[in-house]
Amino acid sequence: MTAFLLIETQCGAMSDRFLTDALTLTRTGQQVTVLLVADAVTAAVRGTNTLVPELVSAGAHLWADEFTLVQRALRAAPLESGVTVQDIARVADIVVADDVTVVWH
Amino acid sequence: MTVIERRMWDLLVILTAPPHTTDALTTVLRLVQSVLDQGKSVRVWACGYNTILTQASLGDAKPANLRDPDQTAPSAATLIRHLVTDHPRRMSWIVCTACSKERGASTHIPEVRLRSDARLAQTIATARKTIYIGGA
């Protein structure tokens, strides 16, 4: 089974559409990891985005980029349950893995 | 018939999202450095306004920060130069000639390669994985 790494860098309506696509993909049984980085990292903070807990419930892996959290003074903010903080080295592992499709938005 | 096998690169990043409007360039540079740290090979194809990042006229350092004039920060060209020179044969920065010409970015640092957009498909074919970052 192909795994997907979906990298979200934006916030707002277009980001919600991308996360909705991620949700659809997850519900079809695909292995989906969503990385929230740059402007998208605020969606990892508890209560800011309704799609994030839905993605977690559906079985997607939700990652928040540690560098971005620190850069935006959000490292101590409460994150949505199920969101894990990852550094870029872990992301790089997945990006170059053979059976992972990467989509950047 | 002689068959010439082309070298395969582990990762190709096609960067068309404009720099300095979002964190895209910073995120790409962090990701590229991290992939290189794992011993893999990376190519970046710089399109659109990313072609101005490697102009020689940028110099080695950014203009002085007046709030902290003793501190110097490397220019984008310097960061890219070090990425290439610190990882010989594993890192390549390609500048799209059409986008470069369109924007008057004529003189680049010698560490980057200039390549016609007609060779983009061939460049993709020699990468095990390609990430396209749109937004130009």
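A note on names: the letters A, B, ... follow the listed sequences, proteins ahead of strands, and every chain is numbered from 1.
Shown here is B:Arg128, whose CZ atom has more than 12 heavy atoms of other residues, nucleotides or ligands within 6.0 Å. No more than 12 heavy-atom neighbours from other residues, nucleotides or ligands sit within 6.0 angstrom of CZ on B:Arg89.
Using a 4.5 Å cut-off between side-chain heavy atoms of Ile, Leu, Val, Met, Phe, Trp and Tyr, with links allowed through other members, B:Trp9 and B:Val95 fall into different hydrophobic clusters. Linking Ile, Leu, Val, Met, Phe, Trp and Tyr residues whenever their side-chain heavy atoms come within less than 4.5 Å places A:Leu51 and A:Val103 in a single cluster. Linking ILVMFWY residues whenever their side-chain heavy atoms come closer than 4.5 Å, directly or via other members, places A:Val102 and B:Leu25 in the same cluster. When the side chains of ILVMFWY residues are joined at heavy-atom separations under 4.5 Å, either directly or via intervening members, B:Ile14 and B:Ile52 end up in two distinct hydrophobic clusters. Neither B:Val28 nor B:Ile94 shares a network with the other; the hydrophobic side chains, linked directly or stepwise wherever heavy atoms of I, L, V, M, F, W or Y lie under 4.5 Å apart, form separate groups for each.
Within residues 57-67 of chain A, the residues approaching chain B closer than 4.5 Å by heavy atoms are, in numerical order, A:Asp65, A:Phe67.
The two residues A:Ala92 and B:Gln38 make their nearest non-hydrogen contact at CB-NE2, 3.5 Å.
Counting heavy atoms from C-beta outward, A:Ile88 and B:Gln33 have side chains that stay 4.5 Å or more apart. The shortest distance between side-chain heavy atoms of B:Ile131 and A:Val95 falls below 4.5 Å.
Per-residue counts of heavy-atom pairs under 4.5 Å with chain B were compared for A:Ile7, A:Asp87, A:Asp93; the largest is that of A:Asp93. Ranked by heavy-atom pairs shorter than 4.5 Å toward chain A, the options B:Asp37, B:Val35, B:Thr22, B:Leu31 are led by B:Leu31.
Neither the backbone nor the side chain of A:Gln10 comes within contact range of chain B; no heavy atoms are under 4.5 Å apart. Contact of B:Arg30 with chain A is made through backbone and side chain together, with heavy-atom distances under 4.5 Å. Heavy-atom distances place no part of A:Leu5 under 4.5 Å from chain B, backbone and side chain included. For A:Val37, the part lying near chain B is the side chain, with the backbone staying farther off; criterion is any non-hydrogen pair under 4.5 Å.
Under the side-chain contact (heavy atoms from CB on, under 4.5 Å) criterion, B:Asp70 pairs with no residue, sequence neighbours left out.
Residue B:Asp23 holds its CG atom at 4.5 Å from CZ of A:Arg72, rounded to the nearest 0.5 Å.
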Let me see the working for A:Trp104 and B:Leu15 under side-chain contact (heavy atoms from CB on, under 4.5 Å), right down to the final yes or no. CA-CA 11 Å; A:Trp104 185 298; B:Leu15 181 58; over 6 Å; no
So A:Val100 and B:Lys129, side-chain contact (heavy atoms from CB on, under 4.5 Å) or not? Walk me through it. CA-CA 9 Å; A:Val100 177; B:Lys129 185 165 292 189; 3.9 Å; yes
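Within the 3.5 Å criterion, the main-chain N or O of A:Val96 finds no donor-acceptor partner in the side chain of B:Lys40.
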